[in-house]
Amino acid sequence: MSAKGKFSIAALLVAAFVAGVVFATSGANFLDLGDQIGTETQAAEVESTTIDREDDEEATTSMERALTLEDAFMEVSESVNPAVVQISAERVVEQRFRSPFDGTPFEDFFRDSPFGGQQEREQRRPVLGSGAIIDAEGYVVTNHHVIEDTEHIQVRMHDGERYSAEIVASDEFSDLAVLELEDNPGDLSVISFSDSGDLRVGQWVLAFGSPLSEELSHSVTSGIVSAVGRLSPGQGERSVRNYVQTDAAINPGNSGGPLVDLNGRLVGINTAIATRTGGFQGVGFAIPSNTVENVTQQLIAEGAVARGFLGVQYGPASTALIRDENLPRGTAEVAGVEDGSPADEAGLEAGDLILSVDGEELRNHLQLGEVVSSKRPGEEVTLTIDRGGERMELTATLGQMDDDAEIAANGDAPDPGEELLDELGFSITDITPDLAQQLGLEANEGVLVTDVDQGSRAFRDGGIRPQTIIVEMAGTRIENTEDFFEVYEEVDPGSSFRVILVDPRTGGQNLTSLRKPS
């Protein structure tokens, strides 16, 4: 091949390489990902290549964005780290040990000696966590689970100095605690709060703390807000927690450390990770700053947190009901109302559907408990409800939250019937006096669901389960199977109708929707 031919091929390869680099940079710019692609070296290579001025300007703009982001990370790290602390302590635990003579011929001989039987010994285990200084008086916020049942709490500052700290107050429900430095050194750096309500998915955040080891104190990781409003489910109003999800690396030891935005303001307190290995797998959770600010202010001023109480048992409305009646996807169904509670006084009833709270449609039924628990006793909450297809607003003045009471009962399942399995996917039977006694019922009102086809729409979307009682359908009270079939006969084929169920084991009510086949 001639030298000219070799030169042409080499030039073509160089041009192809340059075009590829330019495309990657331009593509990133076009998708607004320029901050994530490219390094200084790559940018320098592009600059030294003869390309169109427009592409050169795009590469320069991308580089400027990257440098701006890098500067922001460095500035935030430098400004926030002095307000971050490492927390170390000792947790006292009781541990049982078996006698070394158990299972040997000497077991009986040593049974009553200090070496025999089950031995309980006190052990002290090291605890490592993180925190953030929130007040110049020496107040530090961290997680409740970091300092629970601990002694000899030490706080290590960014400059390496250590101070003893005592617990001001702790709140298990929110998993937050406030410490106070025993010897305030003065001139403390304090972290400022942001409004976590303004957080947006995709926003850059930095996580601070001491992951895995004391030697890794004041580590900084970066990521984005992966989701907001992650609600942790539980039983009753008291157990609902709200989290910010992030992919910034959080590991054991980061608990209690701050999650901040690129203005260096607190957006959350790192508290948990979702993992199958025990280490970071890309899913971390932080307590939103609005919750942190509210709780810490009360812990410092009052030593405890006062939370609003509504007095309802509730759960998610069935998928079938939400779809058939075009309700908000987070609609909450009231299963029960506590006598004399704020909900009772406001006129809320079992079977009501709560569509929105304070004018905001529910995206998740757990929002009801989260909103109520975030308010203080004496505050009002406005509920938009659906009762029998009619919408209305109720306003409740919240009381003081106390521990939730558990309601439990047991009953034996009767023999299944076959009446409606083919058509609706479940069978029913009358509630005889003997059956009512077995189920612990005061009256024989309603019909008992005895068997359910788990492949049916009634099971999958309607929430129909064995041992539940149908007490109302299509707005009519049901006393026996005769009533059921009479009402069912009046339903037009292909139409949906409401059904109210009672669980005899809990006493709770559920409202769902069924559809008569065409």
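The chain is numbered in sequence order, starting from 1. Keep in mind that what you see is a predicted model, and the values were worked out from it rather than measured.
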Q: Do Leu501 and Thr512 have side-chain heavy atoms sitting under 4.5 Å apart?
A: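 Yes. Closest side-chain heavy atoms under 4.5 Å.
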
Q: Looking only at atom types and distance, does a side-chain atom of Thr331 sit under 3.5 Å from a main-chain N or O of Leu327, one as donor and one as acceptor?
A: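 A pair under 3.5 Å: no.
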
Q: Evaluate the side-chain proximity of Arg307 to Arg376: yes if any heavy-atom separation is below 4.5 Å, no if none is.
A: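 Answer no - side chains too far apart.
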
Q: Kindly state each residue pair satisfying salt bridge (charged side-chain N to carboxylate O under 4.0 Å, His left out) with at least one member in residues 137-162, sequence neighbours excluded.
A: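 Of all non-adjacent pairs touching residues 137-162, those that pass salt bridge (charged side-chain N to carboxylate O under 4.0 Å, His left out) are Arg124-Glu151, Arg162-Glu214.
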
Q: What's the separation between atom CD in Glu166 and atom CD in Glu180, rounded to the nearest 0.5 Å?
A: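 Separation between the atoms: 6.0 Å.
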
Q: So, Asn254 side chain and Ile250 main chain: donor-acceptor pair closer than 3.5 Å or not?
A: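 A pair under 3.5 Å: no.
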
Q: Does the side chain of Thr382 pick up a donor-acceptor pair with the side chain of Glu393 at under 3.5 Å?
A: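 No - no donor-acceptor pair under 3.5 Å links their side chains.
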
Q: Does Val292 offer a backbone N or O that forms a donor-acceptor pair with the side chain of Ser289 under 3.5 Å?
A: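 Side chain of Ser289 to backbone of Val292, a donor-acceptor pair under 3.5 Å: no, none is there.
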
Q: With side-chain contact (heavy atoms from CB on, under 4.5 Å) as the test, pick out the partner of Val334 among Leu383, Leu353, Ile354.
A: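 Of all the options given, the one that passes is Ile354.
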
Q: Side chains of Leu179 and Ile153, heavy atoms from C-beta outward: is any pair under 4.5 Å?
A: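 The answer is yes; the side chains approach within 4.5 Å.
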
Q: Once rounded to the nearest 0.5 Å, what's the spacing between atom CG of Asn143 and atom CG of Leu176?
A: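 It is 6.5 Å, given to the nearest 0.5 Å.
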
Q: How about Asp175 and His145: does a side-chain donor come under 3.5 Å of a side-chain acceptor?
A: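 Their side chains do contain a donor-acceptor pair, which is all the 3.5 Å distance test asks for.
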
Q: Checking Arg200 against Asp261 for the salt bridge (charged side-chain N to carboxylate O under 4.0 Å, His left out) test, could you report, in this order, the C-alpha distance in whole Å, the side-chain angles of both residues, the deciding distance, and whether it holds?
A: CA-CA 11 Å; Arg200 298 178 62 188; Asp261 60 20; over 6 Å; no

Q: Does NZ or CZ of Arg465 fall inside the cone over Phe459's six-membered ring, less than 6.0 Å from its centre and within 45° of the axis?
A: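 So Arg465 does make the cation-pi contact.
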
Q: Do the non-hydrogen side-chain atoms of Leu206 and Thr221 ever get within less than 4.5 Å of each other?
A: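 Answer no - side chains too far apart.
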
Q: Between the main-chain N or O of Ser196 and the side-chain N or O of Asn290, is there a donor-acceptor pair closer than 3.5 Å?
A: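 Judged by distance alone, yes, a pair lies under 3.5 Å.
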
Q: Donor-acceptor pair, Gln298 side chain versus Ala306 backbone, under 3.5 Å?
A: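 Judged by distance alone, yes, a pair lies under 3.5 Å.
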
Q: Please step through side-chain contact (heavy atoms from CB on, under 4.5 Å) for the pair Asp247 and Val283, ending with a clear verdict.
A: CA-CA 5 Å; Asp247 69 347; Val283 184; over 6 Å; no

Q: Do any N or O atoms from the side chain of Asn270 and from the backbone of Gly257 form a donor-acceptor pair under 3.5 angstrom?
A: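 Flag set: sc Asn270 to bb Gly257 pair under 3.5 Å.
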
Q: After noting the C-alpha distance and the side-chain angles of Val312 and Asp344, does the key distance pass the side-chain contact (heavy atoms from CB on, under 4.5 Å) rule?
A: CA-CA 8 Å; Val312 295; Asp344 187 27; over 6 Å; no

Q: Could you check if a side-chain atom of Val260 sits within less than 4.5 angstrom of a side-chain atom of Val267, using non-hydrogen atoms only?
A: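 No, their side chains stay 4.5 Å or more apart.
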
Q: Rounded to the nearest 0.5 Å, what separation is found between the OG atom of Ser318 and the CD atom of Glu325?
A: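 Atom-to-atom, Ser318:OG and Glu325:CD are 9.0 Å apart.
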
Q: Run Asp71 and Thr68 through side-chain hydrogen bond (donor to acceptor under 3.5 Å, both in side chains) and show every step you take.
A: CA-CA 5 Å; Asp71 289 340; Thr68 300; 5.6 Å; no

Q: Quick one: do Phe193 and Glu293 satisfy side-chain contact (heavy atoms from CB on, under 4.5 Å)? Show the steps, please.
A: CA-CA 7 Å; Phe193 287 84; Glu293 188 170 20; 3.8 Å; yes

Q: Could you check whether any side-chain heavy atom of Leu199 comes within less than 4.5 Å of a side-chain heavy atom of Val244, counting everything from C-beta outward?
A: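 Leu199 reaches Val244 side chain to side chain.
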
Q: Working to the nearest 0.5 Å, report the span between OG of Ser226 and CZ of Phe285.
A: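 Reported to 0.5 Å precision, the distance equals 8.5 Å.
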
Q: Do Ile133 and Ser189 come within less than 4.5 Å of each other through their side chains, counting heavy atoms only?
A: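 Contact flag for Ile133/Ser189 side chains = no.
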
Q: Under the 3.5 angstrom rule, does the side chain of Asp135 hit a backbone N or O of Gly138 as a donor-acceptor pair?
A: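 Not at all, since once roles are kept as given, no pair shorter than 3.5 Å links the two residues.
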
Q: Ion pair present between Arg387 and Glu349, side-chain N to carboxylate O less than 4.0 angstrom?
A: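 Salt bridge flag = yes for Glu349 with Arg387.
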
Q: Distance-only, no hydrogens or angles: does the Ser130 side chain make a donor-acceptor pair with backbone N or O of Gly253 under 3.5 Å?
A: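 Here the side-chain-to-backbone pair exists.
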
Q: Check the side chains of Ser513 and Asp324 for a donor-acceptor pair under 3.5 angstrom, ignoring hydrogens and angles.
A: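 Note: Asp324 and Ser513 side chains meet the donor-acceptor criterion.
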
Q: Between atom CG of Leu188 and atom CD1 of Ile134, what is the distance when rounded to the nearest 0.5 Å?
A: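 Interatomic distance, Leu188 CG to Ile134 CD1, rounded to 0.5 Å: 12.0 Å.
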
Q: Crowded around Arg323 CZ? As in, over 12 foreign heavy atoms under 6.0 Å?
A: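 Counting other residues, nucleotides and ligands, CZ of Arg323 exceeds 12 neighbours.
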
Q: Taking atom types as modelled, is there a side-chain donor on Ser210 or Ser217 under 3.5 Å from an acceptor on the other?
A: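 Result is no, nothing qualifies.
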
Q: Is a donor on one side and an acceptor on the other found under 3.5 Å between the side chain of Asp352 and the backbone of Ile385?
A: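 No, Asp352 side chain to Ile385 backbone: no donor-acceptor pair under 3.5 Å.
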
Q: Answer yes if the side chains of Thr291 and Asn294 hold a donor-acceptor pair under 3.5 Å, and no otherwise.
A: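 Distance-only check fails for Thr291 and Asn294.
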
Q: Report yes if the side chains of Ser164 and Gln154 come closer than 4.5 Å at any heavy-atom pair, otherwise no.
A: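 Heavy-atom side-chain distance check passes, below 4.5 Å.
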
Q: With Glu360, which residues qualify under side chain to side chain donor-acceptor pair (under 3.5 Å), at least two apart?
A: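 By the side chain to side chain donor-acceptor pair (under 3.5 Å) rule, Glu360 matches Arg363.
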
Q: Answer yes or no: is there a donor N or O on one side and an acceptor on the other, between the side chain of Glu75 and the main chain of Ala72, under 3.5 Å?
A: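 Checked: no pair found.
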
